[in-house]
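Start at 1 and go down the list; that is how both ligands and their atoms are numbered. All values derive from a computational prediction rather than experimental measurement. Nothing fancy with the numbering, it's 1 onward along the sequence.
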Amino acid sequence: MALWGGRFSESPADSVFALSRSVQFDWRLAPYDIVSSIAHLDVLESSGLLPKADCMQIRSALTNLFNEVKGGKFLPSPIDEDVHSALERGLTEKIGAVGSAIRAGRSRNDQVTTDLKLYLIDNMLDIAKSVLHLQEALLAKSMEYVDAIAPGFTHLQHAQPISFGHELAKHAVSLERDLSRISDWMVRTSTSPLGSGALSGSSLPISPEITAKRLGFNSVAQNSIDAVSDRDYVAEALFIIAMIGLHLSRIGEEWSIWSTTEFGWAQLDDAYSTGSSIMPQKKNPDVAELARGKAGRFIGNLTGLLTVLKGLPFAYNRDLQEDKEMLFDSVENLLLLLPPLSGMIATTNFNREKMRMAAPLGFTLATEIADYLVRKGVTFAEAHDAAGQCVKVAESRNCELHELTATDLKSAHLELVNDVLKLLNVEVAIAARTTSNGTAPKSVVLQIAKLRSNSILTTKWVDAEIQKFIGTMTL
Ligand code: ARG
């Protein structure tokens, strides 16, 4: 049903209708649209603008419509332009022309951005919940492998030995930052655009403060022109999703490489891997690969929206309708990806023996020699040089650093004596790195405990916000 037309003598051409139609994707906003309509109806009623009897009739029709939408019984039809017009059709089909009284003091411009904010708050909370599960899977694995030893890498070359739990826990830290981004975003997003009208506010005695409160927003948007034009919260959400996606892509890359025959570190559970249609022996890390691949679309959607917003005149322009598909795509794909990724992580077995064997290879203990000399008062430049000499000799002789003779050590540096050899052991090297952020298992256990206690606090926050939001969505 059209929400305009009085000044036109013709309806839009079919091609124009097809171009501007959005109901095929913005139908996702239907429940939020109805809830915000009811909040708007409340202020129309309390301001005395609409007769109480009409308000009661509209409220009960909207409530029925809400249940029908939720139950899939009311659906958009081919004649509906967008979610707002489809729902108005639903309303007037139930109670006739009185239903359209609800449009007083409101425009689709403030309505659509209010709906979108509610949709996003709802979905960002679900994303936070799912990220917390992923974080928990990572922390449990970190704890399981805190005393497993592996080579750590820089430039994809063996660098220094590390606790494998430390290696896994680092992902929980980047996810912790993502979760804090979501909570910061919530604070900034919690302003209500309703009452901004088309762009200039409303001359009717409706109180935006009341609708804001009813919809669970912390405050009313400050400037009606900004409020109907602002899509910062969409861009920021797309950034947060892209950032989470980027973090997941790095997890995906590690799992893919660790499960190669060359590495042979990770063994994926059958339920979280896939086969090949032609090669019967294959077991592929598709979940990890999709985690890596989906980052592409998340970044694309963010870039797409920023490009739509760049240089856009104020206030509402139809360009803004282009915010939705990119947003829905990112939200839905991230929600699709997180659970199997958590499952894959939780069910992976790592080969401790293989990782332990690889840990000293590539002279990963050379830094121990340099640090030993520094402790003896040698400058780091000189110590670095001496350790480099040791590597050179070991390499030429095709042996490990701990196999060097007393003479080899002495010729690298006079201060290098046999007691350095006991340091050339991966367990010892790791246990020595006891800084609070270091790789000593003792330190890693404390890091994991801290991440866990933060994740408990975040879970409490998310659960409270979800409860609050359920309240907003309850009629
Ligand atoms: N479908 C539109 C959108 O998503 C709703 C707002 C339409 N407003 C307008 N002035 N035409 O942006």
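Note on Asp463 versus Lys129: salt bridge recorded, some NZ/NE/NH1/NH2 to OD/OE distance being below 4.0 Å. Between Glu253 and Arg250 there is no salt bridge, since no side-chain nitrogen of the basic residue lies less than 4.0 Å from a carboxylate oxygen of the acidic one. With respect to the salt-bridge test (charged N to carboxylate O, under 4.0 angstrom), the residues Lys170 and Glu254 qualify.
In terms of heavy atoms, Ala291 sits closest to Leu341 at CB-CD1, 3.9 Å. Between Leu337 and Phe298, the shortest heavy-atom contact is CD2-CE1, 4.4 Å.
For the side-chain contact (heavy atoms from CB on, under 4.5 Å) with Phe239, the qualifying choice from Leu302, Leu305, Leu306 is Leu302, the only one to do so.
If you look at Glu81 next to ligand 1, there are no close heavy atoms at all, none under 4.0 Å. Contact annotation: for Asp323 versus ligand 1, there are no heavy atoms closer than 4.0 Å. When heavy-atom distances to ligand 1 are checked against a 4.0 Å cut-off, Gln111 has no atom that comes that close, whether in backbone or side chain.
Between Phe153 and Phe263, the two ring planes are tilted [angle within 30° to 60°].
For ligand 1, one of its N or O atoms has an N or O atom of Tyr316 under 3.5 Å away.
In this structure, Phe164 has its ring center under 6.0 Å from that of Trp258.
The distance from ligand 1 to the heavy atoms of Arg318 drops below 4.0 Å at these ligand atoms: 11 (N). Of all atoms in ligand 1, listed by their number and element, those nearer than 4.0 Å to a heavy atom of Lys324 are 3 (C), 4 (O), 12 (O). Set against the non-hydrogen atoms of Ser22, the atoms of ligand 1 under 4.0 Å away are 1 (N). Counting the atoms of ligand 1 from 1 in the order shown, those under 4.0 Å from a heavy atom of Asn109 are 8 (N), 9 (C), 10 (N). Atom numbering of ligand 1 starts at 1 in the shown order; those under 4.0 Å from a heavy atom of Gln321 are 1 (N), 2 (C), 3 (C), 4 (O), 12 (O).
Of the candidates Val23, Asp82, Val83, Leu199, it is Asp82 that places a heavy atom closest to atom 5 (C) of ligand 1.
Residue, atom and distance of the protein heavy atom nearest to atom 11 (N) of ligand 1 are Arg108 NH2, 3.6 Å.
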